[in-house]
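Taking it in order: structure first as structure tokens, then the write-up.
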Amino acid sequence: MAATKASKEQKYDRQLRLWGDHGQEELENAHVCLINSTASGTELLKNLVLPGIGSFTIVDGHKVSGEDVGNNFFLSNHSIGRNRAQAATELLQELNTDVSGNFVEESPDQLLDNDPEFFHRFTLVIGVQLPESTCLRLGSVLWNANVPFLVCRTYGLVGYMRLVVKEHTVIESHPDNALEDLRLDQPFAELKSHIQSYDLEGMGKKDHGHTPWIIIVAKYLEKWFSEHNSQLPKNYKEKEAFKQLIRQGILKNEKGTPEDEENFEEAIKNVNTALNPTKISSGVDDIFNGEQCNDITSQTPAFWLMTRAVREFVQNDGSGNLPVRGSIPDMIADSEKFINLQNVYREKAMQDASVVSKHVEALLQSVGKVFPFYVSCSMDSADGEMVLYLMLRSVDRFYQQHSRYPGVYNYQVEEDISKLKLCVNSLLQEYSLNVNVKDDYIHEFCRYGAAEPHTVASFLGGSAAQEAIKIITRQFVPFNNTFIYNAMSQTTATFQL
Amino acid sequence: MNLLLFSLFREKKRRRVVELTEKMVVDGGRDGGEWDGRWNHINMFLERPGPFTHPDFEPSTESLQFLLDTCKILVIGAGGLGCELLKDLALSGFRHIHVVDMDTIDVSNLNRQFLFRLKDVGRPKADIAADFINGRIPGCNVVPHFKKIQDFDESFYRQFHIIVCGLDSIIARRWMNGMLLSLLVYEDGVLDPSSIIPLIDGGTEGFKGNARVIFPGMTACIDCTLELYPPQINFPMCTIASMPRLPEHCVEYVRMLLWPKEKPFGDGVGLDADDPEHIQWVYQKSQERAAEFSITGITYRLTQGVVKRIIPAVASTNAVIAAACATEVFKIASSAYIPLNNYMVFNDVDGLYTYTFEAERKENCSACSQVPQDLYFSPSAKLQEVLDYLTENASLQMKSPAITATLEGKNKTLYLQTVASIEQRTRPNLSKSLKELGLLDGQELAVADVTTPQTVLFKLSFTS
């Protein structure tokens, strides 16, 4: 048992550094369903099997054709004529013995007719190359069962995916460029007294040059406040003046030239971002005022319970502010000064977290639940591609009318152009869209003949798999909610539809 | 985009197709394990005209034959990107593929390098990758090379129509870039398009990646955009030696200062980042160091990450970037579409984000501009200053440059780091001034470095 765990840690090391052991656990407890094991589907699934998804089930009623084998790494020519779900499961399963693979030799429409609750058991359902009618039926079943539904499609040189989920909450968003939470405009008591413990004028040269820039900015802010009616530097002019004030504080040698004090340079550089007023963003306010946050019941999921607890903190304990984040960036300083400062922020963050935790306990008790809970302290979070989206919808219409896609055989390409154009126009009319779709696109989509070139399927499979992992692990923010990939220009776009 | 290039490229193709057809008549055809409909998904793009195709594109049934029988692709790297690239190319009709990789398989590769299994650990990546693809895709002939890219010369690289890189090192990229630039033929100052080998380059790191298309001599090369790769910042020595603040500082202290001092596994035994016992020792000592300064957060995983300079990696990002690169290979080989012009950046940390732009050529690029690079120094400047400039300048970023000059008719090595005996002999030159070394205003200095297979020429101009 110990040996297996160790080798899993080794095997998954590179991804554990991204989503951690708890993210990996979520992944290993997940069971995903893939409908249609065409290249787009198997490529997507490969990117879930490799990182160790718990289990997968492929639903596919088709038999393997020669064409299928040509663009699919997980179908061999020996499987031509066999059921496609079964054939693909074998070669996907072989990728990773930690994963368990299953298959169902039926079409999704059959399952929807006979046993729609079949789909309720999955963490996530992925539908690939599905006709619109099946998508809509499946979407409705999954929406009501609260199972996230990811629709994917490769059509010629166009990739498409759509996320259908009632609500997805992200607890660990891992923001890439978040501003720091330093509270310099409203220092909490412990920070205030820590700042006071420094005497910049009285310290020796070595200490002066190794004082963290946060302290420097805080000290000079005190001076500024006393001369500016406790107002933060507001505009460019004032910020420049403030920076000058700090610059004057740099020690000078006997000749009067400024010493090389990198920590003061850091302070000056960080003035622009360090003085952002501490306040709650409107996005967070919206979440606090949400229905789910107000009505806490025994069914309320973890995310909303914690959100409510944080709201209680803001209103009762935080003087209108969120719990302190607790992290500070690295900066020039000697070890002792840095660690001491870091600890001031960390301890406050832990204090705030435990207050939030008490609120969580109180809320749980109020709805009759008592179980251990982990509280994390951070809570913050038409030309071009649009034409391609419209073309994909039009192609769906074509399929509805003619039970086939346009231009599949060479002789069809020319005559289908006018038929597809009718579909485009009826779509635009139905949605009252005053958009001009150039004939070139209609021709191009007939030319595609509903082909699924491997490289485009692979790009989509990679993109979609990572979104699936985000849904399952609740880490990192998923796309919302329609994504288009244009392999002709190597560009993408995301629309919220 | 130079359309002349494509015409000549096609002409080159056509000649080769004729050659090969003749050869086929003699050899009696080939058995590629074909079956009905195999290439349907790509035939649409080769046999049908369309509104967005390249102006030179001619739909034909011959194009598929070119891809299958004639077109030769080189894949550099058989790791995260390499495995994906081999699969993508094989399933896009390419059969003559060579792959170069100097590494062997490690357990930590298995979460994304899907051509490898546990039983393959320790074996050469190139060999195993080639075997897997050849076995899975009938008719495909991937030829492996368990070698460094530097082990080959122009005669090897010249045989390929297109080269695709899935490398994990900027130095290697620059070397490859330099190699393809050295293949360019200029006649009376005009570039011969048939000497151009397109280079498709992909790179990934965690959830970020990029794909770019380079036509050496025509579009921006790797060195033109060197500033896009900011030099890797190592922690300052004073922080590591006496003022650690982060757990990483503690690990670096043990790796750089304590290990050489304590020689825990014997004299002359260097730290082997792949040896768990070595890492365990570093981990324990790092914890002790951290405790001294009240620093928390040292874990085995963090220790290993710092020592090995580990970059997190997942299958999905590699799949996306390799797919984009392979699509470009297909476009160029088939002339079916205008290729990416010329740089795409991808990031799926928050939703999915891409940015596509045209990287511009640098007028005085040290690799591709053919303009001799200028060096401005006072005659009293020390050679060390020149060395520092070569390594620290953002557009040059050399690693261990070797400087030679022609003095009194003889070729003299002023400083060379990579051979210990020569390093010792030439080290005193570093503290000598340029004047003392006998260098003159306008002097040409030849600099060799791992970042390029060719020597870079600099012109030394004295400032007063």
Side-chain angles (χ1 to χ4, degrees), chain A residues 7 10-15 17-18 43 46-47 50-51 65-67 69-71 73 76-77 80 95 156 174 176 210 330 333-335 338-339 410 413 440 443-444 447-449 451-456 458-459 461-463 465-466 469 476-480 483 487-492 494, chain B residues 33 35-42 44-45 47-52 84 87-88 91-92 107-108 110-112 114 136 138 206-207 211 243-246 293-295 301 305 310-320 322-324 326-328 330 337 340 344 348-352 354 356:
Chain A
S7 58
Q10 281 181 296
K11 181 160 80 164
Y12 299 137
D13 176 84
R14 300 298 187 269
Q15 69 206 38
R17 290 166 191 278
L18 290 167
E43 286 300 307
K46 144 182 149 287
N47 295 321
L50 286 171
S65 70
E67 187 178 280
V69 180
N71 76 346
F73 195 73
S76 97
N77 55 315
I80 294 178
L95 280 174
H174 300 280
D176 221 354
H210 290 94
D330 189 27
D334 62 54
S335 313
F338 180 82
I339 300 295
N410 283 346
V413 179
D440 279 348
H443 180 182
E444 183 73 355
R447 178 178 186 244
Y448 286 161
E452 193 184 3
H454 181 83
T455 58
V456 185
S458 193
F459 187 103
S463 306
Q466 192 50 41
I469 291 176
F476 305 95
V477 179
F479 76 110
N480 183 13
F483 172 81
M488 293 185 282
S489 56
Q490 299 285 16
T491 52
T492 68
T494 302
Chain B
W35 56 86
D36 261 350
R38 182 175 188 183
W39 304 110
N40 280 1
H41 289 285
I42 57 173
M44 314 291 184
F45 305 98
E47 293 179 2
R48 297 175 173 191
F52 298 116
E84 292 279 343
K87 158 183 74 74
D88 293 345
L91 289 172
S92 300
V107 173
S108 65
L110 303 177
N111 79 329
R112 63 203 183 280
F114 60 94
R136 184 64 68 90
F207 294 128
M243 262 186 261
R245 298 179 297 269
L246 304 175
F293 293 88
S294 309
I295 297 172
R301 191 178 288 164
I310 291 179
I311 297 173
V314 281
S316 55
T317 321
N318 283 306
V320 166
T327 297
E328 293 308 308
F330 181 81
Y337 287 89
L340 165 65
M344 178 184 86
D348 64 356
V349 170
D350 186 336
L352 298 119
T354 62
T356 308

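All figures in this text were calculated on a predicted structure; none of them were measured in a lab. Labels below follow one simple rule: chain letters A, B, ... track the order of the sequence lines, proteins then strands, and each chain is numbered from 1.
Ranked by non-hydrogen atom pairs under 4.5 Å with chain B, the options D330(A), T494(A), T492(A) are led by D330(A). Counting heavy-atom pairs closer than 4.5 Å to chain B, the top residue among A465(A), G461(A), P453(A) is P453(A). When S108(B), S294(B), A315(B), A326(B) are compared by the number of non-hydrogen pairs under 4.5 Å with chain A, S108(B) comes out ahead. Interface remark: of the candidates H41(B), E328(B), M243(B), H41(B) forms the most heavy-atom pairs closer than 4.5 Å to chain A. Interface check for chain B: of the options V413(A), L18(A), D13(A), the most heavy-atom pairs under 4.5 Å are formed by L18(A). The most heavy-atom pairs under 4.5 Å with chain B, out of F479(A), F338(A), Y448(A), come from F338(A). By number of non-hydrogen pairs under 4.5 angstrom with chain A, the leading residue of G305(B), G206(B), A211(B), A322(B) is G305(B). Counting heavy-atom pairs under 4.5 Å between each of M344(B), M44(B), K87(B) and chain A puts K87(B) at the top. Between chain B and the options G462(A), S335(A), S76(A), the largest number of non-hydrogen pairs under 4.5 Å is found for S335(A). Per-residue counts of heavy-atom pairs under 4.5 Å with chain A were compared for A319(B), P49(B), S316(B), G37(B); the largest is that of S316(B).
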Check your understanding: Between N410(A) and R48(B), is a side chain to side chain contact (heavy atoms under 4.5 Å, CB included) present by the stated rule, with each step listed?
Key -> CA-CA 8 Å; N410(A) 283 346; R48(B) 297 175 173 191; 3.0 Å; yes
Review point. Given the rule in the side chain to side chain contact (heavy atoms under 4.5 Å, CB included) test, do H454(A) and D88(B) qualify, once you have shown the distances and angles that lead to the verdict?
Key: CA-CA 7 Å; H454(A) 181 83; D88(B) 293 345; 3.2 Å; yes
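In terms of heavy-atom proximity, A333(A) sits nearest to R245(B) at O-NH1, 2.9 Å. The shortest non-hydrogen separation linking A487(A) to V456(A) is CB-CG2, 4.0 Å. The two atoms that bring L50(A) and L95(A) nearest to each other are CD2-CD2, 4.2 Å, heavy atoms only. For T455(A) against A323(B), the heavy-atom pair with the smallest separation is O-CB, 3.2 Å. When all heavy atoms of W39(B) and G70(A) are compared, the pair lying nearest together is CZ3-O, 4.5 Å.
Using a 4.5 Å cut-off between heavy atoms, I339(A) touches chain B through its side chain atoms alone. Looking at D334(A), both its backbone and its side chain come within 4.5 Å of chain B, counting heavy atoms on both sides. With a 4.5 Å cut-off on non-hydrogen atoms, F45(B) touches chain A through its backbone and its side chain both. Contacts of I469(A) with chain B are absent, with no heavy-atom separation under 4.5 Å from either backbone or side chain. Heavy atoms closer than 4.5 Å to chain A are found in the side chain of R136(B), but not in its backbone. With a 4.5 angstrom heavy-atom cutoff, L110(B) touches chain A via backbone and side-chain atoms both. Both the backbone and the side chain of L352(B) have a heavy atom closer than 4.5 Å to some heavy atom of chain A. Using a 4.5 Å cut-off between heavy atoms, D36(B) contacts chain A through its backbone alone, with no side-chain atom that close. Contact of F476(A) with chain B is made through backbone and side chain together, with heavy-atom distances under 4.5 Å. For S92(B), the part lying near chain A is the side chain, with the backbone staying farther off; criterion is any non-hydrogen pair under 4.5 Å. Contact annotation for S489(A): only backbone heavy atoms (N, CA, C, O) come within less than 4.5 Å of a heavy atom of chain B.
Atoms NE2 and CG, from H174(A) and D350(B) in turn, are 11.5 Å apart once rounded to the nearest 0.5 Å. Interatomic distance, F459(A) CZ to Q490(A) CD, rounded to the nearest 0.5 Å: 6.5 Å. Atom CD1 of I42(B) is separated from atom CG of N71(A) by 9.5 Å, given to the nearest 0.5 angstrom.
A donor-acceptor pair under 3.5 Å is formed between the side chain of R17(A) and the backbone N or O of R301(B).
Side chain to side chain, N111(B) and Q15(A) meet the donor-acceptor criterion of an N or O pair below 3.5 Å.
Geometric assessment of K46(A) against the ring of F73(A) yields a negative cation-pi assignment under the 6.0 Å and 45° thresholds.
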